[in-house]
Amino acid sequence: MKLNEDFFNRDCLEVAPDLVGKLIVRKLDDNSYIKMRITQTEAYRGEDDKACHASKGKTNRTQTMYMAAGTIYVYICYGIHYLMNIVTEKEGIPQAVLIRCCEDNEGPAKLTKSLFVDKSFNGESIIENSKIWLESDGYLPLIKTATRVGIDYAGEEWKNKPWRYIDINLSK
DNA sequence: TCTCCGATTCACT
DNA sequence: GTGAATCGGAGAA
């Protein structure tokens with residue numbers, strides 16, 4: 001079944017582990033489908049979280065994170081890679097969950113590449129969308145936590161938060 | 001305007 | 001293990 005707004009309208013620390021094991025469904029222009037199971041996510045929690053882009057406040061770039069739960073936040077990293085997040089919590093609270101890895105796939109930039117996701121998806125809703133959405137098929141993952149990746153600039157307190165969630169069975 | 005640097009990946013030593 | 005690719009956001013000038 002498709003994930004609805006209630007699923008995303010919670011704290012990102014609840015949504016992030018719950019997204020592990022869910023399926024991303026992508027419908028392409030030629031009507032073919034791609035389905036991938038999420039194996040790894042990371043939570044970015046609002047303006048206080050120094051690793052979160054929104055820690056700088058609301059700007060042209062981060063305004064997407066202030067939108068309603070279930071909004072897709074795509075941004076360019078290092079000038080060449082697209083990373084995809086799902087916004088959580090109600091409008092006005094800048095939280096997001098980064099989709100980091102899927103089955104048969106390593107790395108958030110490879111993920112968006114194989115799903116043909118680019119910046120045009122930024123600001124779209126993933127709840128009511130004919131091109132991409134999320135489903136649950138009842139699979140229950142076994143989850144372990146770890147620190148987030150690539151955020152050394154955020155300082156000791158924030159870079160050590162165990163806000164990365166990994167499916168033990170589907171990751172190596 | 002100008003400068004610095006990133007929620008990464010890949011090629012090369 | 002090291003460094004290049006590559007561009008737009010954010011902050012300073």
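Computed from a predicted model, the values in this text were never measured in an experiment. Residue numbers start from 1 in every chain, and the chains themselves are labelled A, B, ... in the order their sequence lines are given, proteins ahead of strands.
- Checked by atom type, the side-chain pair A:Gln95/A:Thr88 shows a donor-acceptor distance below 3.5 Å.
- Dashed line: the shortest gap from a side-chain N or O of A:Thr59 to OP1 or OP2 of C:dG9 is not under 4.0 Å.
- A side chain to side chain contact (heavy atoms under 4.5 Å, CB included) with A:Glu135 is found for exactly one of A:Met1, A:Lys35, A:Arg37, A:Lys22, namely A:Lys35.
- Between A:Leu170 and A:Gln40, every side-chain heavy-atom pair lies at or beyond the 4.5 Å cut-off.
- For C:dG3, the paired nucleotide is B:dC10, the pair qualifying as Watson-Crick or G-U wobble because both relevant distances are below 3.5 Å.
- A close approach under 4.0 Å does not occur between any side-chain nitrogen or oxygen of A:Lys58 and OP1 or OP2 of C:dG9.
- Contact annotation for A:Lys113: no contact, since no heavy-atom pair falls under 4.0 Å across all strands.
- Rounding to the nearest 0.5 Å places CD1 of A:Ile126 at 10.0 Å from NZ of A:Lys2.
- Inter-residue side-chain proximity for A:Phe116 and A:Ile34 is flagged as met; some heavy-atom pair is nearer than 4.5 Å.
- Rounded to an integer number of Å, the gap from NZ of A:Lys119 to C1' of C:dT6 is 14 Å.
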Restricting to nitrogen or oxygen on both sides, can you table the protein-nucleotides 3-7 of chain B pairs closer than 3.5 Å?
residue, atom, partner, partner atom, Å
B:dA7, OP1, A:His53, NE2, 2.7
B:dA7, OP2, A:Tyr153, OH, 2.5
B:dA7, N9, A:Tyr75, OH, 3.2
B:dA7, N7, A:His53, NE2, 2.9
B:dA7, N1, A:Asn85, OD1, 2.4

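- B:dT1 and C:dA12 make up a base pair, with Watson-Crick or G-U wobble contacts both under 3.5 Å.
- Nucleotides C:dG1 and B:dA7, compared at atom P, are 22 Å apart to the nearest Å.
- Of the possible donor and acceptor atoms, one in the side chain of A:Tyr66 sits under 3.5 Å from a partner among the backbone N and O of A:Lys58.
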